[in-house]
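Down below is the structure, laid out as structure tokens.
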Amino acid sequence: MRPLREILAVAPPSRRRLALSVALGAGAVLAAVGLLTTSGYLISRAAQRPEILALGVAIVGVRFFGISRALLRYAERLVSHDLAFRALTDLRSHLFRRLVPLVPAGLPGLGRGELLGRFVGDVDSLQDLYLRGLMPPAVAVVAGAGAIVVAFLILPVAALVLALSLLAAGVLVPLVTRAANRRAGRRQGAARAELTGQVLEVATGSAELAVAGRADDWIARADASGARLAELQRSDAVAGGLAAGLLTAIAGAAVVVMLAVAIPAVDSGVLAGVMLAALALLAMASFEAVAPLGVAAAGIDACATAAGRIEAVIDREPPVAEPARPLTPRRGVLRFDRVRFRYEEDAPWVLDGVDLALSPGRAVALLGPSGAGKSTLAELAVRFRDPTLGRIELAGVPLAAMAGDDVRAAVRLAPQDAYLFTSTLRDNVALGRSGAGDAAICEALEAVGLGPWLDSLPDGLDTEVGEAGAKVSGGQRQRIAAARGFLAAADFLVFDEPTAHLDPAGAADLQRRIANLAADDGPGVLVITHERAALDAFDEVLELRAGRIVTG
Amino acid sequence: MSSSRQDPEARVRARATQRRLGKASRAARAQLAATVVLGCLATALIIAQATLLAHIVVDAFLGGASLSALVPQLAWLLAVSLARGTVDLGFEATGRIGASRVMAELRSRLVRHLLKERPGALSGERSGALAAATVQGVDALEAYYARYMPQAVLAALTPLAILAWAVPRDWEAAAILAVTAPLVPVFMVLIGRLAEGATRRRWQRLSRLSARFFDLVGGLETLRANGRAEAQADSIAAAGESYRRETMATLRVGFLSALVLELLAMIGVALVAATVGIQLAEGSLGLTAGLTVLILAPEVYMPLRRLGSEFHAGADAMAAAEAIFEVLDRPVAVSAPADPIPAPDPLDAPLLLEGVEFSHAGREPVLRGVDLRLAPGETVALVGPSGGGKSTLLSLLLRLAEPDAGAIRCGGVDLRDVDPEAWRRRVAWVPQRPTIFAGTIADNIALGRPDAPRSEIEDAALDAMLGPVVGSLSEGLDTRVGDGGRRLSAGQAQRIGLARAFLLDAPLLLLDEPTAHLDAGTEREVVAAVEHLAAGRTALIVAHREAAVRGADRVVELRDGRITTPDGSPSDLLGHIWPKRSEGLGGVTA
């Protein structure tokens, strides 16, 4: 439960809203209790055949409770959801701020999809922390206490019966529910994982299995694992049912016990007979206070899992520490000096003594097989990471002495698989330089070879690129990302695999255009690529091999 | 973003799937039957409990009965209460078992469909979600069968049974119930209709906002690289705030139907209480009957209310079933002929594609009349722009799909008249990204020949240039790979695929970009391996990179859905197909 506490500390619910929503929730339960209790009294009193007028107060009371019950419940749902969504908004902002310094280097093993899952799905599922984890127990305590007070006013010993049975239901039902769910989770976990893996294999490899003549083998495997899981599910089903039946049984038994103590009280004259039905109905209705606790208990473990996943992100150390008194970058040579890098201690060196000097105005291509550490080198150049050993300097000042954002303003990276935002073409290119005018944007698109395409678009720069750039081709995406760099007015432009999704002719064209971006009074260009195309356009061609740079 | 709860389209789809599930699944029908039986039992117990309680109260209150005289009735009341608990247990337990059965049935049908009727129908990304739906989807289905369906059954049974019981005893109260209870669904539909337009518009706005969250997180690296991340933190807060406001606006309307429901239920109970009270005061009704009606009144509305609150359980469950049905609905791709002809051998006779046309369902044709002849023992390289249908052509040759028009023949036999499984035994196929199955490397190489002797597996590994990879692993060929095992790189997986082909020793070889994921050094080695593999077989090699084409007897190009055979030798062709690259190659030598 520690992660849940941490989430509540990061995104606490507003006390005022919490109090209001608990009050409304308890009020709704008590109104239902009031409705049935008053009705019980009303008809018992009526059976004594009084003047109709004598029933007036009770009839009004019944109506009042009925209507206020519905209104209170509606209000409670609105307030509690509002409370939850406000807290989630805070949580999301907090998470995003923690996320910024961690992307891309601080989250090893966490892909984009995984991260999105945490940011959207996990945060969303935490609404249950507020709606089901926090609210129902508070409502149960307040409403339960209220019902017990009412019972006490009618017959003191009835209050004791009600208190004990509510306590039993309120504690036992969540405990049993949670235990049953945990047991099922524990027992079924491995079987589910195995089966998921098998279905996944079938879904991805069905053609190969069919061609290899192994379809029947995999059908048999999946059926066998499915049968094992079904067996576990069957035996876990009764335990799950127990929790569901418990509340009904305890509530029913409470009414019996209530009658067993109230009937002698009527006999002895301590309790007016007219109150007997009211008391029985009070006992019945009060269990609404504890009814949601079972579901709440079942949900809380799922919440804890989601919270744990979020915590795992929040608690990560950023890979780069910002200097206390940052220096301002100046224009000059970007120099790697005997830079060594590895992801972990004991891990092999990815970069093993890289010496590299980039000058403004010059275009350099850096080649190397995949997995050679090319992207790591790019991340070091923009201070997404720091070298393990050695130093990187810009105009003689170590990068570590400058603020990361300042470094990235001077050395602009176009990351591998650059992202297009769900917006217009204009917005996506203008990301390179805020406030860039249309003329500058068109010029940038022209420079990366998208001029004819732009001319062909009926909406021009207002063209929507679709969700995450879904409406443009892989090649256009790469070129748009390159146009951002063109627009950036940085001292250095670093392109990480800018031609990954292009056909050979397109790759050569784009690579040449990028090389041509380098200009004496403009930026220096570093293209990191595995594509041996248009290399003659570069001033220098280097190769990264076994963690070192060799001249190509 | 949040759930399917508010999406109006999802609701409509959920209802359709619900009906579908009832029709399609025997386990689902059995579950419905069990729920109806339990529902009848539950209804009987509710009426019994109310009657007993009313009798006990009246006997003690008006009859002056002492506790000892009432002990048998109290014991009955306790027994009925416990029985009600047991029925609830029964709903939950049978619901869970039913969910498990239904899911197992759907899953097994899906697995058969994928392997037998439409192999290769899914692309990588969706399969993860589908696999999760077939296993974890059972949780949502449990909620559906254990909680939603019982309430649906009770909503149909209990109000009618209680009315039937109440009419002869207190027709006035029964009339109140009979009028107000049906108003619940009527009002819910009315409010739903009124709110529908507004909800739909809001839903679209919500989707846009959630797309914004996706954007900001998905593009965070790009934002940071462009110095825009800090500014976006405020934008996240603003987007979150508008998300909250939009959601609350939706909920204010969404909760209205619950409000009306609750109001009707509560006013109904209050009216019954007042009517019963007045009848009692007038002496036209006995207290036992009156009290019983009062206790039963909330039970009339209870299942209707619960049904509303469990609705999303139903919708969520249907989403999982929907994902499975969506795949099951795709038509069978290849069916076996009734009277199959023995599979011809492509080493005895040429393999001919004659006017082959093919289009993926609902899309532009990919192949618009392909003519191609593969002579026995010939190696043909197939090049062409990506997305041009090269892989589709291979899947037709594998008989994973049938041509829309035209035919594929071998030795005078139309392949349509051959059993697809028999034909596939003649073919070794290495896809672009061979799937690595959970097991050892040896198991994976032996995919097509599970009983192959160890020595042959070792030879195949060496032939496919897996030697260095296997040598670097302490457990060698017995290293576990795939799900739960060691991850292999794309290049390593590709060589496993080649090793499979070496071991299979089939007369027809189909390779899909065999060097796509390899660096230059490994590529050279693998090209040599491919040449060795293709020797003495009929081979069609889809190629994107020039190296893979070198050993081919001939190069053909698939462009605009047709095969063109440009004049010239394979090496001349390279200049034609990859002009820019060849020029780039001049700059630096690998």
Side-chain angles (χ1 to χ4, degrees), chain A residues 39 42-43 46-47 59 62-63 66 69-70 74 77 85 89 92-93 96-97 100 103-104 119 124 192 195-197 199-200 203-207 210-212 215 222 226 230 233 237-238 241 244-245 248-249 252 256 263 273 276-277 369 413 415 419 421-422 431 504-505 508 533 535-536 552, chain B residues 2 57 60-61 67 78 81 84-85 88-89 92-93 96-97 100 104 111 114-115 119-120 122 127 131 134-135 211 215 217 219-222 225-227 229 233 236-237 240 244 255 259 262-263 266 270 273-274 276-277 280-281 287 290 424 429 435 447-448 483 519 578 580-581 584 587-588:
Chain A
S39 316
L42 165 67
I43 66 169
I59 290 177
V62 164
R63 283 182 191 154
R69 145 79 184 186
Y74 179 72
R77 292 176 84 181
F85 289 129
T89 301
R92 215 173 258 122
S93 300
F96 187 78
R97 275 177 223 278
V100 169
V103 172
F119 190 73
D124 261 358
R192 285 184 179 215
L195 191 54
T196 310
V199 178
L200 189 61
T204 47
S206 60
V211 171
Q233 282 171 334
V238 178
T248 317
V256 174
I263 290 170
L276 190 59
L413 170 69
Y419 193 86
F421 295 86
T422 316
L431 198 69
L535 294 181
D536 56 327
Chain B
S2 70
V57 167
F61 167 38
L67 181 62
L78 185 65
S81 303
R84 274 194 75 179
D88 279 358
L89 185 156
E92 181 78 29
R96 287 182 181 217
I97 293 169
S100 157
V111 165
L114 288 175
L115 285 172
L122 285 182
S127 19
T134 63
V135 180
D215 250 9
V217 176
L220 190 49
E221 185 185 357
T222 302
N226 287 286
I236 280 273
R244 179 189 68 79
F255 290 158
L259 169 68
E262 196 102 32
L263 266 179
M266 288 298 151
V276 166
L280 285 168
L287 180 58
R424 289 177 197 146
W429 169 51
T435 309
L447 183 73
D483 190 26
D519 56 68
W578 290 286
K580 295 273 161 67
R581 278 186 69 122
V588 175

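In what follows, every heavy atom counts, from backbone to side chain, and hydrogens, waters and symmetry copies are set aside. A note on names: the letters A, B, ... follow the listed sequences, proteins ahead of strands, and every chain is numbered from 1. As the structure is a prediction and not an experimental result, all values here were calculated from the model.
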Chi angles and distances behind the side chain to side chain contact (heavy atoms under 4.5 Å, CB included) call for A:Y74, B:L263: CA-CA 10 Å; A:Y74 179 72; B:L263 266 179; over 6 Å; no
Closest approach of B:E221 to A:L413 (non-hydrogen atoms, all atoms of both residues): OE2-CD2, 4.4 Å
Contact leader toward chain B among A:A230, A:P415, A:G197, A:A277, where contacts are heavy-atom pairs under 4.5 Å: A:P415
Which of B:S100, B:G448, B:A237, B:A229 touches chain A most, by non-hydrogen pairs under 4.5 Å: B:S100
Most chain B-contacting option - heavy-atom pairs closer than 4.5 Å, from A:G66, A:A207, A:S93: A:A207
Largest heavy-atom contact set with chain A, pairs under 4.5 Å, which of B:V111, B:L78, B:L220, B:L287: B:L220
Nearest heavy-atom neighbours spanning B:L114 and A:S206: O-CB, 3.3 Å
Over all atoms of both residues, closest heavy-atom pair of B:R84 and A:T248: CB-CG2, 3.9 Å
Options A:I43, A:V256, A:V62, A:I59, ranked by heavy-atom pairs under 4.5 Å with chain B, top entry: A:I43
Closest contact, heavy atoms only, A:L431 versus B:N226: O-CB, 3.6 Å
Approximate separation, where rounding is to 0.5 Å, of B:E262 CD and A:R77 CZ: 8.0 Å
Smallest separation among heavy atoms of A:L276 and B:A60, with atom names: CD2-CB, 3.6 Å
Option in A:V238, A:V211, A:L42 with maximal non-hydrogen atom pairs under 4.5 Å from chain B: A:V211
Shortest non-hydrogen contact between A:I263 and B:L67, atoms and distance: CG2-N, 3.8 Å
Part of B:A104 within contact of chain A (heavy atom distance under 4.5 Å): neither
Any donor-acceptor N/O pair, B:T222 side chain to A:Y419 backbone, under 3.5 Å: yes
Closest-packed option against chain B by number of heavy-atom pairs under 4.5 Å, given A:A212, A:A222, A:G241, A:G252: A:G241
Side-chain donor or acceptor of B:D215 paired with backbone N/O of A:F421 under 3.5 Å: no
Contact winner vs chain B - A:R69, A:R97, A:R63, A:Q233, heavy-atom pairs under 4.5 Å: A:R69
